[in-house]
Amino acid sequence: MEFRLIERLRELTAQQRDDVALSIGDDAALLVPPVGQHLAIALDTLVEGVHFPHGTAAADIGWKALAVNLSDLAAMGASPAWALLGLTLPNADADFVEGFAEGFSKLARPHRLALVGGDTTRGPLAISVTVHGFVPPGQALVRSGARIGDAVLVTGTLGDAAAGLQALQQPLADDDSRANLRAFLIERLNRPMPRLSAGVALRGKASACVDVSDGLLADLGHICADSGVAAEIDAALLPRSSALMALYDEASALQFALSGGDDYELCFTVPAQRVADVQADLSRLGCGVTRIGRIVEGDGVRVRAVDGEWMTTNHAGWEHFA
Ligand code: ADP
Ligand code: MG
């Protein structure tokens with residue numbers, strides 16, 4: 001498709017790297033993988049109306065399409081290097097590509113990530129990005145390493161993005177202070193910040209790690225299933241933003257924090273004696289981190305309510321075990 005659009009993408013995402021021998025423009029890119037490192041590769045696709053609402057700004061889509069992929073590298077403890085971009089556009093919309101590339105490169109630039117190729121086709125708006133990164137052999141953060149007695153921790157705050165999506169769908173006539181809180185939550189939805197430096201800091205320290213894309217319970221559930229263990233979470237310990245707590249009642253805020261997707265925080269496990277160490281490391285990076293529970297024998301994720309009772313799900317979400 002449109003040579004000019006691809007040329008514009010190339011210009012706006014230009015990034016000098018010695019390990020890129022040939023970038024956008026030929027039939028394939030030529031890359032120089034570093035000796036002695038594992039190559040970490042991940043692909044995520046965003047479809048309009050499924051993964052982001054219709055009407056999302058092009059720059060937000062560009063940022064998020066890259067962010068969700070970098071988050072997968074963060075969850076492996078890998079450092080990003082290269083990306084491929086599959087763009088499916090309803091028409092050759094130069095303004096869209098301009099905005100998209102602006103959002104994409106705003107996140108790519110500080111990480112020195114090079115866009116080295118891709119494909120552009122016509123169809124309903126969808127974006128798929130493949131990212132490539134490096135991690136020293138034996139140091140990747142896999143999902144299968146959690147052990148009984150490990151502590152469960154999470155970076156940042158949970159539930160903001162899901163609350164932001166609801167805020168978008170229910171526009172209210174707000175006073176100014178509430179409008180600011182809503183804008184914070186919507187920013188968390190549209191501009192997730194992949195926890196790359198935290199992932200690197202956790203190399204060789206976390207026993208298991210996952211990024212929270214589908215909600216804490218679902219993603220921690222993957223660690224439990226792959227590690228052959230269970231997790232117990234204390235609802236009272238879940239880190240939640242002041243914006244979330246100000247705009248929603250306790251039950252809704254808890255629901256968002258447990259089951260809301262799109263936060264792209266890291267949930268990880270560490271041996272109990274290493275918790276203070278890891279907390280200090282991440283704090284030094286300016287990354288908030290909270291201990292929320294522990295790994296026990298069994299399977300699945302259990303949640304203890306503030307009053308000490310176990311919680312259970314019904315069709316509407318989580319509630320007290322009645
Ligand atoms: P081919 O038909 O040989 O695949 P294309 O016209 O699809 O050639 O692509 C030409 C060049 O532009 C290739 O180097 C390809 O990697 C790059 N390219 C195409 N679309 C994109 C895109 N959306 N993002 C980055 N590079 C792209
Ligand atoms: Mg092609």
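Order of listing sets the numbers, starting from 1, for every ligand and every atom in it. Because only heavy atoms are used, hydrogens play no part in the values below, and waters and symmetry mates are left out as well, while side chains stay in. Numbers for residues simply follow the sequence, beginning at 1.
- For Glu102, the CD atom is loosely surrounded, since the number of other residues' heavy atoms within 6.0 Å does not exceed 12.
- Looking at Ile6 against ligand 1, only its side chain comes within 4.0 Å, counting heavy atoms.
- Taking the six-membered ring wherever Trp is involved, the centroid distance between the rings of Trp63 and Phe100 does not fall below 6.0 Å.
- Interface of Thr120 with ligand 1, defined as ligand atoms under 4.0 Å from a residue heavy atom, comprises 19 (C), 20 (N), 21 (C), 22 (C), 23 (N).
- Leu238 and Val210 fall within a single hydrophobic cluster, where Ile, Leu, Val, Met, Phe, Trp and Tyr side chains are chained together by heavy-atom contacts under 4.5 Å.
- Evaluated by nearest non-hydrogen atom to atom 15 (C) of ligand 1, the leading choice among Gly86, Ala101, Gly118 is Gly118.
- Between Gly117, Ala83, Gly25, it is Gly117 that holds the heavy atom closest to atom 25 (C) of ligand 1.
- Residue-to-ligand polar distances keep Val116 apart from ligand 1: every N/O pair is separated by 3.5 Å or more.
- Side chain of Asn69 to backbone of Ala65: a donor-acceptor contact under 3.5 angstrom is found.
- Defined by atom type and a distance below 3.5 Å, a donor-acceptor pair is present between the side-chain atoms of Asp211 and Ser71.
- Per-residue contacts place Asp27 under 4.0 angstrom from the following atoms of ligand 1 (heavy atoms of the residue considered): 3 (O).
- Residue Ser23 has no N or O atom closer than 3.5 Å to an N or O atom of ligand 1.
- Atom numbering of ligand 1 starts at 1 in the shown order; those under 4.0 Å from a heavy atom of Ile24 are 12 (O), 14 (O), 17 (C), 25 (C), 26 (N).
- Counting heavy-atom neighbours within 6.0 Å of Asp299 CG, excluding the residue itself, gives a total of 12 or less.
- Evaluated by nearest non-hydrogen atom to atom 14 (O) of ligand 1, the leading choice among Asp119, Asp26, Ile127, Val97 is Asp26.
- A donor-acceptor distance shorter than 3.5 angstrom exists from the side chain of Arg182 to the backbone of Ala167, with no hydrogens or angles considered.
- By the criterion of a heavy-atom distance under 4.0 Å, the side chain of Leu9, and not its backbone, is placed next to ligand 1.
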